[in-house]
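Since the model is a prediction, treat every value here as computed from it, not as a measurement.
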Amino acid sequence: MPAKQTSGKAEGIREGLKKATTEMLVLFMLRRKPMYTYEMMSTIEELSEGKIVFNTLYQAIYRLQKFGYIRESGKVVSEENRVRIYFAITESGQKYLDELIEQYRATVSTIDRVLASDGKSAKESRDVQTA
């Protein structure tokens with residue numbers, strides 16, 4: 001099945017931002033406590049009120065493990081007899097997360113400044129264009 005086309009559509013920015021912030025969100029979840037993959041996905045979905053939904057986090061998890069930012073912290077067999085692998089953030093992962101958050105906030109505030117440079121809110125700009 002081909003990938004869903006989002007380029008040229010407003011929803012494309014949401015998907016792009018989600019992709020760009022996946023590692024930061026995973027590390028943030030693990031800074032709160034060790035978690036297994038599905039728990040991270042569910043918690044992100046819940047905290048974002050359903051606006052950020054992941055089908056999988058495995059690629060990000062493998063990447064973060066490869067760089068030493070997270071590690072396996074244990075395995076637990078669930079009531080359904082499934083093995084849940086818990087992950088924890090490492091010290092270098094904590095530092096990387098702090099850097100990611102700093103860069104994210106700097107970028108978002110810069111974009112906000114650029115978008116506010118005309119002195120109008122997004123709604124005011126739309127109203128002027130449709131008048």
- Residues passing the salt bridge (charged side-chain N to carboxylate O under 4.0 Å, His left out) test with Glu102, sequence neighbours excluded, are none

- Do Glu23 and Tyr69 have side-chain N/O donor and acceptor atoms under 3.5 Å apart? no

- Query: Does the side chain of Arg31 come within less than 4.5 Å of Asp98's, by heavy atoms?
  - Reply: yes

- Message: Closer than 4.0 angstrom, basic N to acidic O: yes or no for Glu15 and Lys19?
- Response: no

- Task: Compare every heavy atom of Glu39 with every heavy atom of Pro34, then report the nearest pair and how far apart it is.
- Result: O-OE1, 4.3 Å

- Item | Closest non-hydrogen atom pair, Leu27 against Ile89 | O-CD1, 3.7 Å

- Item | Inter-residue atom distance Leu30.CG - Gln94.CD, 0.5 Å rounding | 9.5 Å

- Determine, using the 4.5 Å side-chain heavy-atom cutoff (strictly less than), whether Met29 and Val53 are members of one ILVMFWY cluster. no

- Spacing of Tyr38 atom OH and Thr43 atom OG1 [to the nearest 0.5 Å]: 10.0 Å

- Query: At what distance, to the nearest 0.5 angstrom, does CG of Asp112 lie from OG of Ser117?
  - Reply: 11.5 Å

- Note on the structure: Hits for ring-ring contact (aromatic ring centres under 6.0 Å, His included) against Phe28, two or more places apart or cross-chain, chain-then-number order -> none

- Query: Between Ile85 and Tyr62, is there a shared hydrophobic cluster once you connect ILVMFWY residues whose side-chain heavy atoms come closer than 4.5 Å?
  - Reply: no

- Side-chain heavy atoms of Leu64 within contact of Phe87, under 4.5 Å: no

- Item | Check: Met40 and Ile61 side chains under 4.5 Å, non-hydrogen atoms | yes

- Transitively linked via ILVMFWY side-chain contacts under 4.5 Å: Phe67 with Leu100? yes

- Item | Reported CE-to-NZ distance for the pair Met35 and Lys33, which is rounded to 0.5 angstrom | 5.0 Å

- Between Ala60 and Thr22, which heavy-atom pair has the shortest distance, and what is it? CB-CG2, 3.7 Å

- State plainly whether one hydrophobic cluster holds both Ile101 and Ile111, where clusters connect Ile, Leu, Val, Met, Phe, Trp and Tyr through side-chain heavy atoms under 4.5 angstrom apart. no

- Query: With a 4.5 Å heavy-atom cut-off, do Tyr104 and Val108 have their side chains touching?
  - Reply: yes

- Task: Would you give the length of the straight line joining atom CD of Glu72 to atom OH of Tyr36, rounded to the nearest 0.5 angstrom?
- Result: 15.5 Å

- Got a second to check how far Gln65's CD is from Arg71's CZ, nearest 0.5 Å? 11.0 Å

- Treat each ILVMFWY residue as a node, draw an edge where side-chain heavy atoms are under 4.5 Å apart, and state whether Val114 and Ile13 are in one component. no

- Item | Heavy-atom donor-acceptor pair, Thr21 side chain to Met24 backbone, under 3.5 Å | no

- Here the pair of heavy atoms bringing Thr110 nearest to Ala106 is OG1-O, 2.7 Å

- Item | Over 12 non-hydrogen atoms of neighbours within 6.0 angstrom of CD in Glu80 | yes

